[in-house]
Amino acid sequence: MIEILDVIGVFVFAISGVLTAINKKLDLFGVFIIAFVTAVGGGTLRDVLIGRMPVGWMQNLDYVYIIIVGYLTALFFRNYLNKLRVSLFLFDTIGLGIYTLIGIEKGLEYGLHPIICIALGTITASFGGLIRDILCNEIPLLLRKGTIYATICIFGGIQFFILRKLGLESSINELVTSLTIISVRLAAVRYNWSLPVVSIKN
Amino acid sequence: MIEILDVIGVFVFAISGVLTAINKKLDLFGVFIIAFVTAVGGGTLRDVLIGRMPVGWMQNLDYVYIIIVGYLTALFFRNYLNKLRVSLFLFDTIGLGIYTLIGIEKGLEYGLHPIICIALGTITASFGGLIRDILCNEIPLLLRKGTIYATICIFGGIQFFILRKLGLESSINELVTSLTIISVRLAAVRYNWSLPVVSIKN
Amino acid sequence: MIEILDVIGVFVFAISGVLTAINKKLDLFGVFIIAFVTAVGGGTLRDVLIGRMPVGWMQNLDYVYIIIVGYLTALFFRNYLNKLRVSLFLFDTIGLGIYTLIGIEKGLEYGLHPIICIALGTITASFGGLIRDILCNEIPLLLRKGTIYATICIFGGIQFFILRKLGLESSINELVTSLTIISVRLAAVRYNWSLPVVSIKN
């Protein structure tokens, strides 16, 4: 189950990378790099920080193949993808839920503290887009005012560890937490939930 | 002693991150990430380059807690921090001195050459701000014309290894070198010392 | 042979870093960091991704010395380097050919799949410039429309593995593939070969 959703996540993140890159007037190589980084950048950063090398996509070529398929798909159907905007958003949201859990699980594997596991889940789910934005020379969307995104991963992670403490079986917990993250993200976009921006009074 | 100063360094760098981020109209999550990166980004890059993983803050949660305290402090007192500008500058300067030595010590632990140790000290002390500036989409302050900063770490590092060669006891050397870095930084700001900018004549 | 060309590559990439940085009004420290990153940034990223730490230049100080010499050379002769533009371009092209092969060899050493080895060759040869551009707050040249660059590394890498499959002796293969990359790069600049930029029709 996780495997299928992981595939969908990489595929959709690659497509979202292509769409961002096209608007930046990059050439076909540049577009591919942005697709790649959007899809596996978060997991790569996580692997580097915990010392899991060679990083994930170097040990499992499926990631590379899925990104290539996502890249070609997005290029060929780029004129129709606007009509698929809702489907893309749904997949991206599913990716957010899945990737958070994958990051948390990797942290647990390495015996790290729950707080660090939650950080790893957030990095896995949302820092691919951050690296994409740095390469495109923009202040990362993730850090700017907008509907909440990475914050949902943090709350999802907290819920995961509370349910875990309460003795919930691991695979059920993963499913429940993923669904929570997905639901909250849908609600956040629907009702335009955002975090405040603070300013300094002079 | 080092431990107390390390705490102060992380705390002050986190505050300086919050102040930078507020001016960039980031949301509360974005501000926290910038605070985090400013406080431990240099040490994290150092750990990755030498292969010390999981990186420091993943193995010692105190860093995370101090950053959270620094973050909340800066948010609550943001309207008064301008009045504390001088104190903040002093703490930042103390951080510069301490972090350089921490970086050098890590390099020695790994049996690296003095030149590499000095590079690691400089990275530890000053590259958190560099990563902060990249995330905020600016040319890093560190690289631009201004009063000398990272260069002081390099000179401090050279002094450390000269005194070490002369047989000075390690903990005294650390203290002396930290004080040198702090003093030179204070003098640099007071007398506006800067490195030249070169240009090309046509 | 590889060693001499490696030295030339680091030297020339350091010079190209200095020339880029001077145009950005950085101070002498900033210029040095850009020279350093341009010269060894690609290899450093490769080492981190495969888990070869401490990274290359920390274990072989020759890289540091060559960069310092390249840095000083570029600073002293900066007003004459425009006249050497053609020689610099030739060296940069040689660097591209050599670095691709060095990256591929490192991947083979770590028992990685040919596709990953080609990625590592491309990263080694071209991502130093990408990190340089991020630090200088520009969309990386590598990703934008222009004469093909990184793409040539990929094609060179594919050729290397085809010739390898056909049983060509390793050192001859390295020489042949480097020469191919260098020739294609020269032809690409001469005839202005570029990859298309895609856009979205509305």
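Small disclaimer: the values here were computed from a predicted structure and weren't measured. A, B, ... follow the sequence lines: proteins, then strands. Residue 1 opens every chain.
A/Thr122 touches chain B through its side chain: at least one heavy atom from C-beta onward sits under 4.5 Å away, while N, CA, C and O do not. Looking at B/Leu61, only its side chain comes within 4.5 Å of chain A, counting heavy atoms on both sides. Both the backbone and the side chain of A/Leu49 come within contact range of chain B, judged by heavy atoms closer than 4.5 Å. In this structure, the portions of B/Val55 lying under 4.5 Å from any heavy atom of chain A include both its backbone and its side chain. For B/Tyr65, the part lying near chain A is the side chain, with the backbone staying farther off; criterion is any non-hydrogen pair under 4.5 Å. In this structure, chain A has a heavy atom under 4.5 Å from the side chain of B/Ile33, while its backbone stays farther away. Contact annotation for A/Leu112: only side-chain heavy atoms (C-beta onward) come within less than 4.5 Å of a heavy atom of chain B.
Side-chain contact check for A/Ser194 versus B/Asp27: every heavy-atom pair is 4.5 Å or farther apart. When side chains are defined from C-beta on, B/Met53 counts as touching A/Val48, because their heavy atoms get closer than 4.5 Å.
Between chain B and the residues A/Pro196, A/Ala119, A/Gly51, the largest count of heavy-atom pairs under 4.5 Å involves A/Pro196. With chain A as the partner, the residue from B/Gly30, B/Ala21, B/Cys136, B/Pro54 showing the most heavy-atom pairs under 4.5 Å is B/Pro54. Contact tally against chain B (heavy-atom pairs below 4.5 Å) for A/Thr151, A/Ile154, A/Ile134, A/Asn137: the top residue is A/Asn137.
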| request: Could you give me the CA-CA distance, side-chain angles and deciding distance for B/Val18 and A/Val198, then say whether side-chain contact (heavy atoms from CB on, under 4.5 Å) is met? | output: CA-CA 10 Å; B/Val18 170; A/Val198 294; over 6 Å; no
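Along residues 139-150 of chain B, no residue comes nearer than 4.5 angstrom to chain A, judged on non-hydrogen atoms.
The neighbour count for A/Phe155 CZ, taken as heavy atoms of other residues, nucleotides or ligands under 6.0 Å away, does not exceed 12.
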